[in-house]
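To start, the structure itself, in structure tokens.
Along the sequence shown, residues carry numbers from 1. Here the structure is a predicted model, which means the values were calculated and not measured. What you see below is based on every heavy atom in this structure, not just the backbone, and it leaves out hydrogens, waters and symmetry mates.
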Amino acid sequence: MISIGMPVFNGERFVERAIESILGQTYTHFELIISDNGSTDRTEEICRRFAEKDPRIRYIRQSCNIGPAANFRFVLEAANYDRFIWAAADDWWDRDRLEKLVNALRPEDAVVVGTIKRYLGDSCFAAYTPMAYRRGQWWRFLMREEGRSEKVYYIYGLMWRDSALRSFADVRDEYAADGIFCYRMLWSGNLKSIDNATLHVSTHIQSTSAQKAASYRYSLIRFLFCAHPLSYYANYIRATPKNVRLWVALAIPLKAVVSQIHLWWRAFRRIVLKRPFVHGALPGGEKIVRDAGI
């Protein structure tokens, strides 16, 4: 059995599609836990309708908005089974995604994820399979630039619940918290990726990831000399086991330089070349992103 956790807030535009893609999975042995973070739109109505029809669904409505991180933690702690996966309320899955992930997850893996396809509206602008990392391969993970947006998607892979509980214990609503969670998982086992088992990701300004980054993304400080907040680098150090922490701390200045150069390069592409950087861009994908202004 698998536990699926879906945190949602004001998801009336997308949540029906997300739930239907889960209920239509070829692998059917799961529970779906939906935690409504005090939505003020039709989310409750939609979710309750599904819960009344399918006994695998547990719908819980929070009495107030407890924040994204706490809502993610709530569904994780409410899970009954040792294998767990988060489902974003604005994304959807291939019909065989869960089956393929179940077949791929091994005891030595912390999490396994499949192909990612990113969309603006109905237009798919990027597709890729995230880079894989062996357990403890911190240098490779640290130096892989966040602008490629791939390593954070391990948070939406199939994982062992006990490892996820340990790794999520200190996660708060802050800049790139999903990336730090994935880094913590790296110390529990391999971050494994497979082709297909596709996650279809909606990219829009209302998404959780977009809101988290918005306050810092366009700041002058970021553009001039600090591609990521100092707190982000500090979180990397805190998330590292003590026997390796010194080496990670020594690598952070190089990480900061690499990130800054990557940011300037992306700015040059966007402003001068009119070609925004899009990891895994499909033909016409850069134009889709440019026209959307994202």
Side-chain angles (χ1 to χ4, degrees), residues 2-6 14-15 17-28 30 32 72 83-106 108-135 137 140-141 144-160 163-164 176 178-179 181-183 185-186 189-204 207-210 276-289 292 294:
I2 304 295
S3 293
I4 305 172
M6 179 182 288
F14 306 101
V15 70
R17 179 182 64 185
I19 295 174
E20 286 177 343
S21 79
I22 293 172
L23 298 183
Q25 290 294 298
T26 56
Y27 185 94
T28 59
F30 61 80
L32 172 58
F72 269 69
R83 291 173 295 181
F84 177 85
I85 187 171
W86 275 296
D90 48 4
D91 300 339
W92 71 101
W93 299 358
D94 274 2
R95 289 190 70 250
D96 59 354
R97 180 175 189 249
L98 195 54
E99 180 180 0
K100 289 181 176 178
L101 295 180
V102 168
N103 291 335
L105 185 66
R106 298 288 181 268
E108 64 270 18
D109 303 323
V111 55
V112 59
V113 72
T115 298
I116 307 298
K117 288 188 176 180
R118 302 181 66 198
Y119 293 77
L120 279 166
D122 296 327
S123 301
C124 183
F125 65 88
Y128 50 81
T129 299
M131 178 183 288
Y133 303 88
R134 295 191 304 275
R135 179 177 182 173
Q137 201 172 23
R140 191 180 193 207
F141 189 96
R144 187 68 169 173
E145 179 49 38
E146 285 73 8
R148 298 183 183 276
S149 74
E150 56 172 343
K151 62 187 182 183
V152 299
Y153 282 113
Y154 277 100
I155 198 171
Y156 290 115
L158 181 66
M159 60 192 73
W160 297 106
S163 295
D178 46 3
F181 167 78
C182 295
Y183 177 71
M185 290 290 283
L186 180 67
N190 303 321
L191 303 188
K192 183 178 182 179
S193 60
I194 61 174
D195 291 329
N196 301 313
T198 303
L199 171 63
H200 302 269
V201 178
S202 296
T203 303
H204 51 91
S207 68
T208 301
S209 58
F277 173 75
V278 180
H279 179 65
L282 296 173
E286 292 177 350
K287 183 178 185 301
I288 293 171
V289 173
I294 293 180

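A donor-acceptor pair under 3.5 Å links the side-chain atoms of S202 to the main chain of D90, judged by distance alone. In this structure, the side chain of K151 engages the main chain of F141 through a donor-acceptor pair within 3.5 Å. Between the S21 side chain and the W93 main chain, a donor and an acceptor come within less than 3.5 Å of each other. Judged by distance alone, the side chain of R97 and the main-chain N or O of Q25 form no donor-acceptor pair under 3.5 Å.
Put simply, the residue from N103, V113, L105 that forms a side chain to side chain contact (heavy atoms under 4.5 Å, CB included) with L158 is L105.
The heavy-atom pair separating W160 from R106 by the smallest distance is NE1-O, 3.1 Å. For the residue pair M6 and V15, the shortest heavy atom distance occurs at SD-CG2, 3.9 Å. The shortest heavy-atom contact between Q137 and Y133 is OE1-CA, 3.4 Å. Between P130 and G114, the shortest heavy-atom distance links the atoms CD-O, 3.4 Å. Contact record, C124 with K117: SG-CB, 4.0 Å, taken as the closest heavy-atom pair. For L191 against V111, the heavy-atom pair with the smallest separation is CD2-CG1, 3.3 Å.
When side chains are defined from C-beta on, W86 counts as touching M159, because their heavy atoms get closer than 4.5 Å. D94 is not listed as a side-chain neighbour of N196, based on a closest heavy-atom distance of 4.5 Å or more. Proximity of R118 to Y153: side-chain heavy atoms (C-beta onward) are separated by under 4.5 Å at one or more points. No side-chain heavy atom of F30 sits under 4.5 Å from any side-chain heavy atom of I85.
To the nearest 0.5 Å, the span separating CG on L98 from CD1 on I22 amounts to 8.5 Å. For the atom pair CD1 of I19 and CZ of R17, the computed distance is 12.0 Å after rounding to the nearest 0.5 Å. Between Y154 atom OH and D178 atom CG the span is 14.0 Å, to the nearest 0.5 Å. Here L101 contributes atom CG and D96 contributes atom CG; the two are 9.0 Å apart, rounded to the nearest 0.5 Å. For the atom pair L32 CG and L23 CG, the distance stands at 6.5 Å (nearest 0.5 Å). In this structure, L282 CG and F125 CZ are separated by 9.0 Å, a value rounded to the nearest 0.5 Å.
A parallel orientation is assigned to the rings of W92 and H200, their planes being inclined by less than 30° (bins at 30° and 60°).
For R144, the side-chain hydrogen bond (donor to acceptor under 3.5 Å, both in side chains) partners are E150, not counting sequence neighbours.
One side chain, D195 or T129, offers a donor N or O that lies under 3.5 Å from an acceptor on the other.
Atom CZ of R140 sits in a crowded spot, with more than 12 heavy atoms from other residues, nucleotides or ligands closer than 6.0 Å.
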